[in-house]
2 protein chains.
Amino acid sequence: MAEKNLTLQLDFHSGFPIYTQIVNQIQSQLANGILKPGDQLPTVRALASELRVNFNTVARAYRILDEARIISTQQGRGTYIIEIPPPEVTEKLRQDSLSELTKRYVGEAFRLGFSEREVSQMVKDTLKSWKDAKQVKDEE
Amino acid sequence: MAEKNLTLQLDFHSGFPIYTQIVNQIQSQLANGILKPGDQLPTVRALASELRVNFNTVARAYRILDEARIISTQQGRGTYIIEIPPPEVTEKLRQDSLSELTKRYVGEAFRLGFSEREVSQMVKDTLKSWKDAKQVKDEE
DNA sequence: CTACAATACATACAATGATACAATTAGTAC
DNA sequence: GTACTAATTGTATCATTGTATGTATTGTAG
């Protein structure tokens, strides 16, 4: 499961952007079981070389897939199909997962000796600064 | 003497560099007494093996901590928590560690698609129920 | 034609990994 | 104890991988 050859077929005259074609075909191959969770995708440069396009174009496709939680790109390491492909989770499962995540966080914070007040305040501050940071670079 | 197992939790798709996560978590554990002055940290290779990362990544984290006068790295000997931690930075370390922990939590929650409101509410609820319920479970 | 947006590319950068090296320690033979 | 060798530890350097930012090209509306 080292390296998938990822035979993609690009059509340069179809009118569809290359990065879109890459995105769609990877999604398709995942849906059809050609790609499986945990599989490592070619590096942006390797795939770009094979497809005869600029590696930034591949990187753009990977970035879209990453934001869609389909793959996980890790600088300096590589790109992988995400382990737990996000299925259609129900709202209950959604809440449960947040609850679990929060319990782990609060438990860890208390284990480290922080007070309820400290935790509460830090969450508030972090949420605020996170939102501020997002507003700067978000344009969607 | 004191050989710490150093249970660190890395998140490879959090967006935060691995070496930064290592730095922050060691700071955190020192600030909260899990690590103590004089303690020997795992070798760069041992910790790297446990975390499934390259040992240079651990070395980079150690180097940063060394430059911050938090640990002492000695070629051929090992790395140790510095004997006399500057007291004026203790509280800062504590705050930094909570900040880092919180950032990881919030980042993960957002990555899973939860809103600021949901996160805020869940933290509030979790803190409340935590206080209400006596912890029956022992320390882990 | 001009203006604008989208796309693809070029370049510099940051994070991680691989490899060879230097310093120290621990044995081991004498 | 000394001298030698091997193992262990951190260090230095470069390669590999993805990221960030700017630029050129293309298509299209006005």
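We name chains A, B, ... by the order of the sequence lines, and we start the count at 1 in each one. Source: prediction; values computed, not measured.
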* Asked: OG1/A:T43 to CZ/A:F55 distance, rounded to the nearest 0.5 angstrom?
  -> 10.0 Å
* Between B:T57 and C:dG17, is there a side-chain N or O to OP1/OP2 distance below 4.0 Å? -> yes
* Should A:Y19 be listed as having a side-chain N or O under 4.0 Å from OP1 or OP2 of C:dT7? -> yes
* Using a cut-off of 4.0 Å between protein heavy atoms and nucleotide atoms, how would you tag nucleotides 4-15 of chain D 5' to 3' with B, S and -? -> -----BBBBB--
* Asked: Taking NZ, NE, NH1 and NH2 as the nitrogens, is one of them in B:R104 or B:E100 under 4.0 Å from a carboxylate oxygen of the other?
  -> yes
* Taking only Lys NZ, Arg NE, NH1 and NH2, and the carboxylate oxygens of Asp or Glu, determine whether A:R69 and A:D66 approach each other closer than 4.0 Å. => yes
* Asked: Around A:Q9, counting heavy atoms of other residues, nucleotides and ligands shown, do more than 12 lie under 6.0 Å from its CD?
  -> no
* Is the backbone of A:F16 close enough, under 3.5 Å, to the side chain of A:Q21 for a donor and an acceptor to pair up by distance? -> yes
From [atom1] of [X] over to [atom2] of [N], roughly how many Å is that when rounded to an integer?
X: A:R52; N: C:dA8; atom1: CZ; atom2: C1'; result: 17 Å
X: B:I18; N: D:dT19; atom1: CD1; atom2: P; result: 13 Å
X: A:N54; N: C:dA6; atom1: CG; atom2: P; result: 20 Å

* **From CA spacing to verdict: side-chain contact (heavy atoms from CB on, under 4.5 Å), A:Q40, A:T79** => CA-CA 6 Å; A:Q40 177 168 17; A:T79 303; 5.9 Å; no
